[in-house]
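Here the structure is laid out as structure tokens; the discussion comes afterwards.
Below, each value reflects all heavy atoms present in this structure, side chains not excepted, and no hydrogens, waters or symmetry copies. Residue indices begin at 1 and follow the sequence shown.
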Amino acid sequence: MNMTHEVFNQPEPLVDVNLFEGNRAMRDALRFNAPSLDTAPLHALGALAGSADMQTHARLANVFTPQLKSHSRFGHRIDQVEFHPSYHALMRQATAAGLHGTPFSDAEQASGHAHMSRAAGFMLFTELEPSILCPISMTYAVTPALQGNPAIYADWAPQLTSRAYDPALKLWKDKPGVTMGMGMTEKQGGSDVRANTTQAVPDGSDDWGQRFKVTGHKWFFSAPMCDAFLILAQTPSGLSCLFLPRVLPDGTLNGLFIQRLKDKLGNKANASSEVEFVGATAWLVGEEGRGVPQILAMGTMTRLDCALGTSALMRQALSIALNHTSQRMAFGKRLIDQPLMQNVLADLALESEAATALALRLARSFDRAATDEHERVMQRLLTPVAKFWICKRGSYFAQEAMECLGGNGYVEEGGEGIMARIYREMPVNSIWEGAGNIMALDLLRALRKADAAAALAHELAPAIGMHPALDHLAERLPMRVEEMATEMEARRLAQDVALAVQAALLAQTAPTAVFAAFCDSRLAGHWGDSFGSLGAGVDFAAIVARAQPR
């Protein structure tokens, strides 16, 4: 074919950049929340996650999605999921970075910043590939919940906190590292887990304690190739939390059968499944009949990861938009120099930095809640707030960032095709681990169990007097918290708590241009109904320059 034209004005993809070094908002939030944190591992992880080689692994893991192999070619039931080698390459790097159960090792906890460091690492890896982090997140969350059965925890903790990855389906003690998942929801109940019908019948006891035979199903069972799971089932004393391994202590496969893999909107590299239990063996974790509180200890930590993950996806989408508009010419100048595009980019940058500040503030509470009463209350308060508000903003954010790329952002191939993957990924963090209404109601429960009004007032105090709109909200908010909103008002209360805390954090971690623009728009109402409607007095250039990924 004859040459018809010269290809030009097509931006180079954002590859081989250090995601940590380019993220000023993250670095400033870490200095505020953990000033003594050793960031050298985050520098290394930032370089790895931003590399072209690892981005290729991320693309391949999403293009060549997991495949269920229910039977061997000889007709034997094997119930295994086959992944592309890039999936395992990503999992190997995530575990090597200690993003799973590693923060609970004695050595990591001695640092005092185990959860903060892990949270920042989780965000950096999310910018590379978020869906493989589902089993990583669950392994992180399971580790403390499993302490409800000290015997099992003693046996499994070394592998749960190890930085090794071994995908083989074999006995846990023959592996250098393991992963864990959970199974709560059923067809008829969804978030209403008390409607579960799966039955667990007593089956004696052994070194791991009280044993049960489980029969039933789980409608959403993510990462079925994990080594073990915490599940909910009805025992004679009520809904209980049980430990169910894939391979039993005698080396035989447990009675867990994968019916099919879910065909999801996004989260493609992760295998989510429907399973049935046919006389599966499981052991009690915690108190019988108290399964919901026991497994919610796990849910609290996965909700942290939902906030961290969405914040990271916002940062990734913003970075791609900035990279594109910095190179693309239109109407005689770069897109980033067009006034209206500057408004959009600055607005997205505000949203991204505020999400990062709130998510990492929440992570700080996980390091300190055991010894600091204020941090304990803030952890309980901010977990549903951050999960609700940040995740709710995600899809809206991704759509606007995609629009910065025009049609190039809508296609699936190439470096900018990542934007379509981000857009499909955004809703999952809002839905999983409790959708918006569940989070808003959880906030109301948190208000009943602690002096949340005093804790919130203390949290906002350092920013009082720095912006009149924040002062006005901070004056009214503790009273609204103390009076406890009705269910009808719960979402609005969660939103306002999130915005107030975000503003107070930006007052302490961000430049004046960022803080003032956030308060003017989100709190004072000098803002429209879409991104890109900031007031003319905003220092757009300073905000956009701060957000640049290079």
Side-chain angles (χ1 to χ4, degrees), residues 19-35 37 39 42 46 116 119-120 123-124 127 307-308 310-319 321-322 342-365 378 382 385-386 389-390 393 397 401 459-474 495-524 526-527 531-532 534-535 537-550:
L19 301 182
F20 181 72
E21 290 180 0
N23 194 334
R24 294 170 183 82
M26 173 183 283
R27 297 203 321 265
D28 287 348
L30 290 175
R31 273 192 291 268
F32 172 72
N33 288 290
L37 177 68
T39 59
L42 296 174
M116 179 62 67
M123 292 179 71
L124 293 173
E127 290 191 60
L308 294 168
T310 300
S311 301
L313 290 173
M314 286 182 178
R315 173 61 191 173
Q316 184 186 21
L318 173 63
S319 296
L322 288 166
Q342 269 202 357
N343 198 320
V344 171
L345 293 170
D347 213 352
L348 291 172
L350 293 178
E351 193 74 31
S352 174
E353 180 153 358
T356 295
L358 179 56
L360 289 176
R361 168 62 186 94
L362 175 58
R364 185 180 92 194
S365 70
M378 292 310 296
L382 290 184
V385 165
W389 184 243
I390 294 173
R393 303 290 291 163
F397 186 103
E459 189 73 14
L460 302 180
I464 298 302
M466 299 181 69
H467 195 286
L470 177 56
D471 290 349
H472 181 64
L473 179 58
Q495 168 190 307
D496 289 350
V497 171
L499 291 173
V501 174
Q502 284 179 326
L505 291 169
L506 294 179
Q508 300 167 84
T509 64
T512 300
V514 172
F515 169 67
F518 183 87
C519 291
D520 287 345
S521 56
R522 274 65 171 175
L523 304 186
H526 303 313
W527 199 32
F531 285 112
L534 297 172
V538 167
D539 190 345
F540 298 101
I543 296 171
V544 171
R546 175 174 170 79
Q548 284 287 0
R550 294 185 185 273

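Shortest non-hydrogen contact noted between Leu470 and Ala463 is CD2-CB, 3.6 Å. Contact record, Met314 with Ile390: CE-O, 3.6 Å, taken as the closest heavy-atom pair.
By the side-chain hydrogen bond (donor to acceptor under 3.5 Å, both in side chains) test, Asn33 pairs with Arg364, sequence neighbours left out.
Using a 4.5 Å heavy-atom threshold, the side chains of Phe518 and Leu499 count as touching.
Asp471 places a side-chain N or O within donor-acceptor distance of the main-chain N or O of Gly465, the cut-off being under 3.5 Å. Formation of a donor-acceptor pair under 3.5 Å by the Ser311 side chain with backbone atoms of Ala355 is found in this model. Without hydrogens or angle criteria, Asp28 side chain to Ala510 main chain gives no donor-acceptor distance under 3.5 Å. The closest donor-acceptor contact from the side chain of Gln508 to the backbone of Ala504 lies under 3.5 Å.
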* Step-by-step salt bridge (charged side-chain N to carboxylate O under 4.0 Å, His left out) determination, Glu353 to Arg24 -> CA-CA 9 Å; Glu353 180 153 358; Arg24 294 170 183 82; over 6 Å; no
After noting the C-alpha distance and the side-chain angles of Val538 and Leu350, does the key distance pass the side-chain contact (heavy atoms from CB on, under 4.5 Å) rule?
CA-CA 11 Å; Val538 167; Leu350 293 178; 5.8 Å; no
field: Phe32 and Leu360: CA distance, side-chain angles, deciding distance, side-chain contact (heavy atoms from CB on, under 4.5 Å) verdict
entry: CA-CA 10 Å; Phe32 172 72; Leu360 289 176; over 6 Å; no
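Rounded to the nearest 0.5 Å, atoms CG (Leu42) and CZ (Phe20) are 5.0 Å apart.
Partner of Val501 under the side chain to side chain contact (heavy atoms under 4.5 Å, CB included) criterion, chosen from Leu460, Asp496, Val385: Leu460.
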